[in-house]
Amino acid sequence: MSNTVNEINILNADDAELMRISREGTLSLNLNEMKTIQTHFGALGRNPTDVEIETIAQTWSEHCVHKTFKSIIRYSEDGKETEQIDGLFPTYIQRATEDIDKPWCVSVFSDNAGIIEFDETFNLVFKVETHNHPSAIEPYGGAGTGIGGVIRDSLGTGLGAKPILNTDVFCFGMPDMPYAALPKGTLHPKRVFKGVVSGVRDYGNRMGIPTANGAILFDARYTANPLVFCGNVGLIPRNRCEKSVEPGDLVVAVGGQTGRDGIHGATFSSAELDDTSESLGSVVQIGNPIMEKKIVDALLQARDRNLYRSITDCGAGGFSSAVGEMGEHIGAEVHLERVSLKYEGLAPWEIWLSEAQERMVIAVPPENLSELVAICEAEFVEATVLGTFTDTHRLQVFYEGAIVADLEMEFLHNGLPKPVKAAVWQPPKHPEMPSRDEGIGVGNPFYTDDLKRLLASPNIASKESVIRQYDHGVQGGVVINPLVGVENDGPGDACVITPVLWSRKGVIIANGINPKYSDVDPYLSAASAIDEALRNIVAVGGTVEKTALLDNFCWGNPDKPDRLGELVRAAKACYDIATAYGTPFISGKDSLYNEYRDTTTGEQRAIPSTLLISAICVIPDIRNAVTMDVKAPGNLIYVVGDTYAELGGSHYFGIHGFIGNNAPVVRPDAAKRTMDRLSSAINSGLVRSCHDCSEGGIGVAAAEMAFAGGYGMTLNLDNVPTGDGTEADDSLLFSESNSRFIVEVEPQHRDAYENCMAGVPIGYLGTVTEAPEFVIVGKAGHPIIETSIDVLKSAWQTPLHS
Amino acid sequence: MTNPKVLILRTAGTNCDAETDTAFQRSGAETALVHIQNLISGKVNLSDYQILAIPGGFSYGDDISAGILLAVEMKHKLTDALNQFVADGKLVIGICNGFQVLVRTGLLPGVSTSNNGTSEMAQRATLAMNTSAKFECRWVDLETQESRCVFTKDIKSSVYLPVAHAEGRFTAPVDVLTELEANKQVVFRYADSAYPKNPNGSDADIAGICDTTGRIFGMMPHPERFLTIWNHPRWTRFAQAQDTASEEGDGLAIFKNAVNYAKLNLL
């Protein structure tokens, strides 16, 4: 079987046979695609080789080409077809960036990561990837290679960026899930949690990249399909942001050897998981962070000496994708027997497709080869010439002198038929939970227990035990840590770093993610995710004006109209809200087919529709940054922004077993004004601390600020500005309405602060107190929350302590 | 007058080299990042430098245990150059992984003063897995000890720095510990014995030691990560103007001391 090339007999295959070939080969090609390939080779009068059909399958995979986001969608709402959408990506994501048209966007959607301007010398690159399917099967290896892969995206952008920051966002099943309830063939969420964290820790720490931003969410529907988002920010000289390939350039592989690991990773990620997926061990890659560090060390030297013209990483699809993409507009010729192998016995198609980690492909003018090889040798990195870029417009692959693939670049990259998919959206109707205010009485701080339960709920509880395992200080540029406050353990809103040591110029990285609102409407979930990411940027001293966004969609099977309908809703919100704020998308990725099929019951379970928005903001002076911990007794506490009775999808409803229907809406005009005014107040030095008001509403945000700062608070809900006149204490306390903040102001700055915030709804809630008591007085005039900050902090710290 | 030259040693897995470089440059030194291959091959001569810095990271992945492969490589492939460097009275600093390397080469704590036998470098202490059994990234209070160390001359009695390691528990046989105390070789201690203030469970709360000359120094915390006050994890809590009058972070003094010592004694 090994070392040979097989012809795949498709010319005479009927539909059933075509689908059998696709399924048994893990090609993940549908019938229409198989027929397109059949027709193409029919015209050539021959069958494809295994190398050829595998190359096409990788190149046409959802993972590599994002066909769902480019497909034509017939969209129905409330039972009526309302519109036909010619591609979600061009219509809602790319168009938003074009319409916003920020001059500081250097490269968007075209390279391995988006590029924005930083200072006179450098630009920044930012990319977030997912590694969900591998992490479900092998959490440690899956997550480690997830971070390894996204680091190579930065290294493969322009002529190569130096990786300077990692971000990680994980979604897991409930950590306290009974073992008996585990779906067949899946790992317990605790084991997935531990493995994923260890994998990211060991890869990121060994690479010497600070991991300073992230989030961890829990929902039972992530049990069989955990989500692992890994992001990387890189720093790149302004004159190294463009790449090109010329015929005659050498195809050079740099880095690790090739083995049988990670074969079919790209096509595997276009499949639903079931209880047999765990046996597909070979689809998970094996990581070696020190190898990747050596590659970074070697290639950045080669970059600075201008030794190569183009670079890309060997990710999904291995050499087949990397060489195929680099040579798309000219052609390439590759000799597989030259590839440095981990061990003998690989078939040519396996060498070609292997997703063995830590490999980059570069295009090297022949006259630079010896200098490049010398640099690589000095860093103990292998560099191997695999072939040449040509002017044939064909991808030609040889093995021991024989041609094993000969494909037209045009067919490979543009032959994929554009699918037409149906999408439906039917708004759900959930039971409403009535206000619980009737439980309030004099001498009965009724909502104290709710606040403790919210702080202890796994989505809100402290993630310190995880954060401490990540090196967030390496490279020496961290200015605002992920953990802040008097004991360095409060939940910071976003991290701030100075990529260039001794410069005042900083970068803020933040994120927003609200899958619970998708149960009400994915439009609101996506809008809220953008709003949350921006709130986190503004809360530490950034501005909406200088913020760019990344979108990462993790969804169920988009071939099912209801799942696709949810995707349409979310994509529409991305356009509407991003353009309203003027925050462009610079990069993004999707991971679809996050579903589990129970083979005994036949039941299909999808994850909650999950959009992660990552945000990056450049600030001129890090000295204006603020943190969320209160600073001194006597200071004044304000809420900024209107509160509405929007408890749908909230954590408060969640702890009482409800979803509700009024999820938070984003009101972009008011929201943009609020954030701009607050940015101005913070950057004028009028704000001592600021915290994003999100999960758990005003109650949780204020409590976190108090115990992070080590002081008490006495607050009154009477002055909370509302947009809808809501009077219910539980709405005022726990509603998760968007575009709100809690801020601390020194008394002597009161007038200046209030003047600065003119035109924005703000409410004076009370003061910071020396006494460590946390008291909130309700609308009826007596305390509805009354406890000590130590009790609240302990409730927040205990659940995920170990 | 020329500035002292610092060789910052790199190899596969070194990752705190750039900020260590910045720290020495800001202290007035001329620096070079040098891969160990270039010392072994003779392309670069250690004798051209006055200070050798071994930065943090995961040299060779910390395979087998932290720092051991680089230590073996230095001991066996750079024997003469290293011995001469030390004999010339020059300075060596190892931070985090660099400290692990120095302990495994035997350069720290150095040859026993009580045993008059062999002068060969031998490992007499170790940096073991943290008692928490986890990687720990956190800021710690350090108490500066009265010691022979030239790197910590006249620095503040209490210093605040971050640690970031999984193998940082300094441990040694009782006689070695006794000797370290007697010879004033303990340079830094964690200010409290209880976890997490002693983040790794080190014997006698030891965070950094020097050899008997005071010219070879190793520590687990990272002074190169606290060069300006904006690196302090609580700088936003400082009352403005008052606490931010000096922008210098606690870590910078260590590099400045080394450079000043070299200027006075080694040029």
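In the text below, chain A, chain B and the rest are named by the order of the sequence lines, each starting its count at 1. What you see below is based on every heavy atom in this structure, not just the backbone, and it leaves out hydrogens, waters and symmetry mates.
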**Prompt:** So B/F238 and A/K631, side-chain contact (heavy atoms from CB on, under 4.5 Å) or not? Walk me through it.
**Reply:** CA-CA 9 Å; B/F238 297 164; A/K631 304 299 188 296; over 6 Å; no
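- The structure places CD1 of A/I467 at 11.5 Å from CZ of B/R138, a figure rounded to the nearest 0.5 Å.
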**Request:** Start with the C-alpha distance between B/N15 and A/V474, add both sets of side-chain angles, then the distance that settles side-chain contact (heavy atoms from CB on, under 4.5 Å), and finish with yes or no.
**Result:** CA-CA 8 Å; B/N15 66 32; A/V474 64; 3.8 Å; yes
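- Contact annotation for A/V479: both backbone and side-chain heavy atoms come within less than 4.5 Å of a heavy atom of chain B.
- Within the 4.5 angstrom heavy-atom criterion, only backbone atoms of A/M207 (N, CA, C, O) approach chain B.
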**Asked** Between A/E464 and B/K134, does a salt bridge (Lys or Arg N to Asp or Glu O under 4.0 Å) hold up when you go through it step by step?
**Response** CA-CA 13 Å; A/E464 182 177 356; B/K134 280 191 301 207; over 6 Å; no
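- At a threshold of 4.5 Å between non-hydrogen side-chain atoms, the residues A/W502 and B/T22 count as touching.
- Between B/D62 and A/R206, no side-chain nitrogen of the basic residue sits less than 4.0 Å from a carboxylate oxygen of the acidic one, so the salt-bridge criterion is not met.
- Using a distance-only test at 3.5 Å, with no hydrogens or angles considered, a donor-acceptor pair links the side chain of A/R688 to the main chain of B/T236.
- Contact annotation for A/D629: both backbone and side-chain heavy atoms come within less than 4.5 Å of a heavy atom of chain B.
- Proximity to chain B (any heavy atom under 4.5 Å) is shown, for A/V381, by neither the backbone nor the side chain.
- Put simply, of B/H165, B/R10, B/R26, the one with the most heavy-atom pairs under 4.5 Å next to chain A is B/R26.
- Ranked by heavy-atom pairs shorter than 4.5 Å toward chain B, the options A/D297, A/L501, A/V630, A/N205 are led by A/N205.
- Other residues, nucleotides and ligands contribute only 12 or fewer heavy atoms inside 6.0 Å of the NZ atom of B/K77.
- Separating the CG atom in B/N231 from the CD1 atom in A/I622 is a distance of 8.0 Å, to the nearest 0.5 Å.
- Distance alone, capped at 3.5 Å, is enough to place a donor-acceptor pair between the A/R468 side chain and the B/C137 backbone.
- Atom OG1 of A/T627 is separated from atom CH2 of B/W235 by 8.0 Å, given to the nearest 0.5 angstrom.
- Without hydrogens or angle criteria, A/Q469 side chain to B/F135 main chain gives no donor-acceptor distance under 3.5 Å.
- When heavy atoms are compared at a cutoff of 4.5 Å, B/P162 does not approach chain A at all.
- In terms of heavy-atom pairs under 4.5 angstrom with chain B, the leader among A/V496, A/V486, A/V478 is A/V486.
- Proximity to chain B is limited to the side chain of A/K294, based on heavy atoms less than 4.5 angstrom apart.
- Using a 4.5 Å cut-off between heavy atoms, A/D471 contacts chain B through both its backbone and its side chain.
- With a 4.5 Å cut-off on non-hydrogen atoms, A/R201 touches chain B through its side chain but not through its backbone.
- By the 6.0 Å contact criterion, NZ on A/K194 is open, its count of non-hydrogen atoms from other residues, nucleotides or ligands being 12 or less.
- The closest side-chain donor-acceptor pair between A/N488 and B/R234 falls under 3.5 angstrom.
- Electrostatic pairing of A/E744 and B/R237 does not count as a salt bridge here, judged by no charged N lying under 4.0 Å from a carboxylate O.
- Contact annotation for B/T14: only backbone heavy atoms (N, CA, C, O) come within less than 4.5 Å of a heavy atom of chain A.
- We find the NE2-CZ distance between B/H35 and A/F380 to be 5.0 Å, quoted to the nearest 0.5 Å.
- Here the CZ-CG distance, from B/F58 to A/D202, works out to 7.5 Å after rounding to the nearest 0.5 Å.
- When heavy atoms are compared at a cutoff of 4.5 Å, A/A632 does not approach chain B at all.
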